[in-house]
Amino acid sequence: MTTTPQAVRRASPRTRRPATPATPDPTAGLLPRTEPVRLLNPDGTPLPPRDDYPEPPVEALREMYRRMVVGRRFDAQATALTKQGRLAVYPSSRGQEACQVGGVVAVRDTDWVFPTYRESMALTARGIDPVEVLTLLRGDWHCGYDPTRVHTAPQCTPLATQCVHAAGLAYGESYQGRDTVALAFIGDGATSEGDFHEGVNFAAVFKAPVVYFVQNNKYAISVPLSRQTAAPSLAYKGVGYGVPSEQVDGNDPVAVLAVLTRAVEHARSGKGPFLVEAHTYRMEAHTNADDASRYRDPDEVEAWRDRDPVARLETYLRARDVLDDAAVAAIAEEAEAYAADLRERMNAQPAVDPLSLFDHVYAEPTPQLVEQREQVRAELAAARDSEGDA
Ligand SMILES: Cc1ncc(C[n+]2csc(CCOP(=O)(O)OP(=O)(O)O)c2C)c(N)n1
Ligand SMILES: [Mg+2]
């Protein structure tokens, strides 16, 4: 029998290396759970309670249901308004109601929300007038609402820029001794943008109280997630910046509110940013200008229909005896009235002064803007004159 050098080392206690103290795991507390947090089954039956994510109060869930039903009706109405030429474009968030509403229910009115173009439902659920919310999508040059009054940034079309804005605002607020939290919505595709990384990194280094809330709806227009990233989950993008993160079933309203509530508490308590990835699905096309059947398998869409967040919450609340037929009917009626009012007000032709386009670009207009303004004024005057002649 031959004796290998390794065997000698194993056998001889004198050659054993002194025990080194275990290095603490540098990722401790940063990595998301390997499975998205879920508190309800897709059919609305509850899963066993868990200590890490206690269930939110049932009254908050009932209010979430109300806003989700009204939000879904709003979304359908906005889509219809594009067909009637009243809206230039509308990105639907049907199927993402738990995220849209859960996000704004988890924060205080004094907290700031940083939305993308997909968050019209979140903003109406926040209580902003739907006509104001749709102003930008109607083709106006401004966002419709006063951001400082409603603590909500303008809806952001350049991908991920809101991530940097949220970091700056949150840092400024904490610097001035206020406990404001910034909630930045972001899509899965936009996490591949530089601004996402810069925003998260800045927030982490300066402990800015931001919750980055990724709605992973599986597509960036026609590009599926697998073509966008090789990351095992978008929540794993937090660890590289020292940001704790979590993944959640984004079609489980109870879990979404539970996870976001903890993320907001984390940020508010001075521990810095938190990243949440919600797994969800957009049931409609990217916008009314897109044809999703060109890149999505109808079976995939059907499979997600079975995980509908509104039906899931309704089943659960009915089983808890906090929602009955009468309450469901009353909420549906409220949603209809909301849509009818929106339809009526959107049918009125807005009085838009094209020259106001130049008013607030700079405090002091540049010579080029002055020239362009004059050009538009002259063209409008000429058009009016020729209409008068006709
Ligand atoms: C900086 C920038 N690049 C490209 C675009 C064009 N664009 C608009 S929406 C979109 C897809 C974004 O997908 P995702 O972040 O997943 O959000 P979703 O639309 O799915 O909510 C792209 C590429 C843009 N608006 N801004
Ligand atoms: Mg997406």
Side-chain angles (χ1 to χ4, degrees), residues 36 71-72 74-75 78-79 82 87-104 113-125 133-134 136-137 139 141 143 153-167 183-200 211-231 233-238 247-251 256 275-297 300-301 304 307 309:
R72 176 167 288 187
F74 159 79
D75 190 82
T79 299
T82 62
L87 267 188
V89 67
Y90 182 71
S92 167
S93 47
R94 189 181 179 89
Q96 299 181 214
E97 289 86 353
C99 297
Q100 294 282 312
V101 174
V104 297
V113 169
F114 288 79
T116 78
Y117 48 85
R118 189 152 322 273
E119 269 69 67
S120 293
M121 191 193 293
L123 303 196
T124 55
V133 169
L134 294 176
L136 194 66
L137 298 167
W141 56 264
C143 76
Q155 286 181 280
C156 207
T157 297
L159 297 179
T161 49
Q162 76 280 8
C163 296
V164 195
H165 303 157
L183 173 71
F185 284 91
I186 179 163
D188 45 292
T191 64
S192 298
E193 287 282 342
D195 277 349
F196 168 74
H197 299 273
E198 289 162 29
V200 174
V211 174
Y212 289 102
F213 183 33
V214 183
Q215 287 175 93
N216 175 359
N217 63 9
K218 311 292 177 273
Y219 288 88
I221 315 185
S222 56
V223 180
L225 188 70
S226 57
R227 301 290 298 155
Q228 191 74 242
T229 182
S233 134
L234 300 175
Y236 281 82
K237 295 194 179 194
Q247 5 179 15
V248 62
D249 178 337
N251 283 24
V256 168
L275 175 66
V276 176
E277 176 191 19
H279 295 271
T280 184
Y281 197 78
R282 87 169 137 70
M283 297 303 290
E284 300 293 330
H286 174 70
T287 69
N288 54 297
D290 170 46
D291 176 4
S293 70
R294 294 180 62 179
Y295 56 85
R296 289 200 312 200
D297 183 346
E300 179 184 288
V301 183
W304 279 91
R307 303 180 217 176

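We number each residue from 1, following the sequence as shown. Read the numbers this way: they start at 1 and go in the same order the structure lists the ligands and their atoms.
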Can you count the protein N/O/S atoms lying under 2.8 Å from the Mg ion (ligand 2), leaving waters out? 3
Modelled atom types, side-chain donor and acceptor of N251 and T280, under 3.5 Å: yes
The reported gap from CG in D249 to NE2 in H279 (rounded to nearest 0.5 angstrom) is 8.5 Å
Sequence-distant partners of R282, side-chain hydrogen bond (donor to acceptor under 3.5 Å, both in side chains), two or more places apart: Y295
Short side-chain to backbone donor-acceptor contact, T79 and D75, under 3.5 Å: yes
With no hydrogens and no angle check, do the side chains of Q162 and T116 hold a donor and an acceptor under 3.5 Å apart? no
Does some side-chain heavy atom of P154 sit less than 4.5 Å from a side-chain heavy atom of L136? no
Residues in the immediate environment of ligand 1 (any heavy atom closer than 4.0 angstrom): Y117, R118, T157, P158, L159, G187, D188, G189, A190, E193, N217, Y219, A220, I221, H286
Please check if any side-chain donor atom of T161 sits under 3.5 Å from a side-chain acceptor atom of D195, or the reverse. no
Strictly by modelled atom types, are S192 and Q228 linked by a side-chain donor-acceptor pair under 3.5 Å? yes
What residues, two or more places apart in sequence or in another chain, satisfy side-chain hydrogen bond (donor to acceptor under 3.5 Å, both in side chains) together with S233? E277
